[in-house]
Amino acid sequence: MDNMIKGAEALIKALIAEGVDTIFGYPGGAIIPVFDCLYDYKDQINHILVRHEQGATHAAEGYARVSGRTGVVFATSGPGATNLITGISDAMMDSTPMVVITGQCASESLGTDAFQETDVIGITQPVTKWSYQIRQASDIAWAVARAFYIASTGRPGPVVLDFAKNAQIEKTEWKYEKCNYIRSYNPYPKLNPDDIATVAAMINAAERPMIAAGQGVAISGAEAQLIELAEKADIPVTNTLLGLSTIPSSHPLNKGMLGMHGNIGANHHTLDCDLFIAIGMRFDDRVTGDTKSYLPKAKVVHIDIDESEFDKNITTDAHIHGDAKTAIEALLPLVNEAKHSEWIASFNQCDEVEREKVINPELFPSDGLLKMGEVVNRVAEATNGDAILVTDVGQNQMFASRYFKYSKPRSIVTSGGLGTMGFGLPAAIGAAFGAPDRTVCFFTGDGGIQMTIEELGVILQYGVKVKIIILNNNYLGMVRQWQELFFNERYSQTPMVNPDFVAIAKAYGIAAEDVENRSQLNDAIKRMLNHNGSYILNVNIEPNGLVFPMIPAGKSVKALMLDANTKYYAD
């Protein structure tokens, strides 16, 4: 039959049918037939050779988060597959759509401890939406279609297809149909009109309402609807870490970030609001702190596509099970125009305290060594809020998230739930492929950059354009902060002896420079942004800088600290 093709080719044709244009991967013995076939389709699919399989998953995450498309990863069996687990787990925690395809030994060898055999399905099932082993070529089209449907719909997440080598070589009849229905899977639940009416009535009755916008707003593309709701009902909007950029930084109703290192006003007003509207967020412990004392005066509304999140961490008074965009659109006609001027003005006092006690000393120091927030602010101003922020994990992440400026949706890529050090560099590379028309600014610490520094090779090979700012304090900064505040300044294994990052950059053909002091910073940033290619600024930062405000882990909002010695609330 003319339409009989090898399984490997069936996979590639299926990916093309799903609109895949970019794959991040690393070849190996058990997936060689797929890579051999890919050679014939290199004009239709761009494969990016990473330097470590973990880098492929984080790059796919960065690609997915800025583009709204599903990231795709290839890896071989055994260690290739197990090297993916961190990134798969990260994608699961942060609801990032990803299809991961791993090679596997031939079906007849399964269970024999064949060379590089691992139980990929058993290992990945707890951290995926779906894992499936393709043992025969005839299953390929069905499995790929199902994988993309599951990964990209409902609450997105990673899917793993473990591809036996015999199935890659066998021939099968080529026929492809996209999947748009699975009997046991309902990704877009029908809204309950009674729930919509109930929540609308609660919003109309509230005197001190507050919205918490999470990443679910971005995933559903509901940014415009969020702003319309907030403006119509005059409701202040706060964000989770992953919900940043769902409302522009400059919007007058944007009251900042919630959580451990969030803004004072956003956190303080959880104590006084009478209605808390959580949209596409999961009440993570880094947001709530002590759940027993969280939202003491508020009725709680939760809008989410994943009903397992309802009442999991915080008890709700009403909820809407559905997509954020669809839910807000249903609410809008029922919500009254309102004014909450006094309530919104009450944020000003908190903002003034934060500006005086935290922001100004961090962003505009008169002397001393450079500060992390100061560097972030200078880059944010130089990019006019138009760039994509990518961070690694730690102090660099918190400073960058707090002080960067966002004017467009999908402008932050960071590891939230899993908090994966090493996430940032490959994620920034992925973001550059996912949004090639935008500037990508990647902030990292000297610790995180070294976890995946080999991915500089991808920049060398493909000419990726990423602006990399290393906030170098010669410490594992966030762990050091906890050691200083809560472990009697016992700095166990946090001081670091670092390499010459500029020399490393030049070895990879990347322009780079050291920034030693404040007088050099503006010109260095200008050179970095004007350079037509990747650029590394290794910025020497004060070694003992701390990120504030801070609510200690598991504590009430009333434990909020302005600095190491000062609480916002009087004891």
Side-chain angles (χ1 to χ4, degrees), residues 62 65-66 94 213-215 217-218 223 237-251 254-266 351 354-355 358-360 362-364 370-416 419 423-425 427-428 431-432 434-435 438-445 448-449 465-471 477-478 515 521-522 524-526 528-529 535-537 539 541 545 547-549:
R65 295 266 282 275
V66 301
D94 286 350
Q215 192 191 196
V217 174
E223 292 91 350
V237 178
T238 60
N239 288 116
T240 66
L241 173 63
L242 296 185
L244 292 170
S245 83
T246 56
I247 181 171
S249 301
S250 60
H251 195 288
N254 185 345
K255 299 304 176 183
M257 186 170 72
L258 290 162
M260 178 177 283
H261 294 291
N263 295 99
I264 294 174
D351 294 344
E354 185 168 357
R355 191 175 300 111
V358 179
I359 295 175
N360 287 344
E362 181 67 33
L363 302 193
F364 310 110
L370 280 163
K371 293 175 175 286
M372 288 194 185
E374 175 184 11
V375 177
V376 173
N377 184 58
R378 299 269 192 103
V379 175
E381 289 181 344
T383 55
N384 298 313
D386 291 334
I388 292 171
L389 168 68
V390 182
T391 83
D392 208 85
V393 168
Q395 286 183 320
N396 67 87
Q397 177 184 37
M398 293 296 101
F399 277 115
S401 301
R402 279 180 54 83
Y403 295 120
F404 210 71
K405 304 295 189 295
Y406 312 97
S407 64
K408 299 176 181 178
R410 294 190 177 273
S411 290
I412 183 169
V413 180
T414 192
S415 174
F423 168 89
L425 178 56
R438 299 186 65 188
T439 299
V440 176
C441 292
F442 164 46
F443 287 88
T444 182
I449 186 71
K465 298 178 182 180
V466 177
K467 311 306 181 183
I468 301 169
I469 304 96
I470 303 173
L471 300 174
M478 188 60 85
V515 178
L521 184 58
N522 282 347
I525 291 171
K526 186 180 295 185
M528 175 183 72
L529 294 176
Y535 203 98
I536 293 178
L537 290 187
V539 187
I541 301 295
V547 55
F548 288 105

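- With hydrogens and angles disregarded, a donor-acceptor distance shorter than 3.5 Å links the side chain of Lys467 to the backbone of Met528.
- Between Arg410 atom CZ and Ile388 atom CD1 the span is 10.5 Å, to the nearest 0.5 Å.
- Here the side chains of Arg438 and Lys408 are in contact, with some heavy-atom distance below 4.5 Å.
- Asn522 has its side chain out of reach of Lys526: every pair of non-hydrogen atoms, C-beta onward, lies at least 4.5 Å apart.
- Between Arg402 and Val358, the closest side-chain pair of non-hydrogen atoms falls below 4.5 Å.
- Of all heavy-atom pairs between Val379 and Cys441, the closest is CG1-SG, 4.0 Å.
- Scanning all heavy atoms of the two residues, the minimum distance from Ser245 to Ser411 falls at OG-N, 3.1 Å.
- The minimum heavy-atom distance linking Val466 with Ala432 is given by the pair CG2-CB, 4.1 Å.
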Give the C-alpha distance, both sets of side-chain angles, the deciding distance and a yes or no for side chain to side chain contact (heavy atoms under 4.5 Å, CB included) between Phe423 and Val413. CA-CA 10 Å; Phe423 168 89; Val413 180; 3.8 Å; yes
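- Taking CG of Leu529 as the start and CG of Leu537 as the end, the distance is 8.5 Å to the nearest 0.5 Å.
- Asn377 pairs in a side-chain contact (heavy atoms from CB on, under 4.5 Å) with only one of the listed residues (Met372, Glu362, Lys405), which is Lys405.
- You'll find the side chain of Ile412 stays beyond 4.5 Å of the side chain of Leu242, heavy atoms only.
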Working for side chain to side chain contact (heavy atoms under 4.5 Å, CB included), residues Val237 and Asn254: CA-CA 5 Å; Val237 178; Asn254 185 345; 5.6 Å; no
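- The side-chain contact (heavy atoms from CB on, under 4.5 Å) search around Val393 returns Gln397, Ser415, Met421, not counting sequence neighbours.
- Looking at Asn239 and Thr246, their side chains do bring a donor and an acceptor atom within 3.5 Å of each other.
- Under 3.5 Å, the side chains of Thr444 and Asn396 contain no donor-acceptor pair of N or O atoms.
- Using a 4.5 Å cut-off on side-chain heavy atoms (C-beta onward), Leu241 and Met257 make contact.
- The minimum heavy-atom distance linking Val376 with Phe404 is given by the pair CG1-N, 3.7 Å.
- At a threshold of 4.5 Å between non-hydrogen side-chain atoms, the residues Ile449 and Asp392 do not count as touching.
- At least one donor-acceptor pair closer than 3.5 Å links the side chain of Gln395 to the backbone N or O of Gly545.
- When all heavy atoms of Asp386 and Ser407 are compared, the pair lying nearest together is OD1-OG, 3.0 Å.
- Side-chain atoms of Arg65 do not come within 3.5 Å of backbone N or O of Ala431 as any donor-acceptor pair.
- Between Thr414 and Phe443, the closest side-chain pair of non-hydrogen atoms is not below 4.5 Å.
- Between Tyr403 atom OH and Glu374 atom CD the span is 11.5 Å, to the nearest 0.5 Å.
- Thr391 and Ser401 make their closest contact through CG2-OG, 4.4 Å (heavy atoms, listed as atom of the first residue, atom of the second, distance).
- With 3.5 Å as the limit, one finds a donor-acceptor pair spanning the side chains of Glu354 and Asn263.
- Note that the CG atom of Leu389 and the OG1 atom of Thr439 stand 12.5 Å from one another [nearest 0.5 Å].
- Side chains of Leu521 and Val375 form a contact here, defined as non-hydrogen atoms less than 4.5 Å apart.
- Note: Leu370 CG to Leu471 CG = 10.0 Å, rounded to the nearest 0.5 Å.
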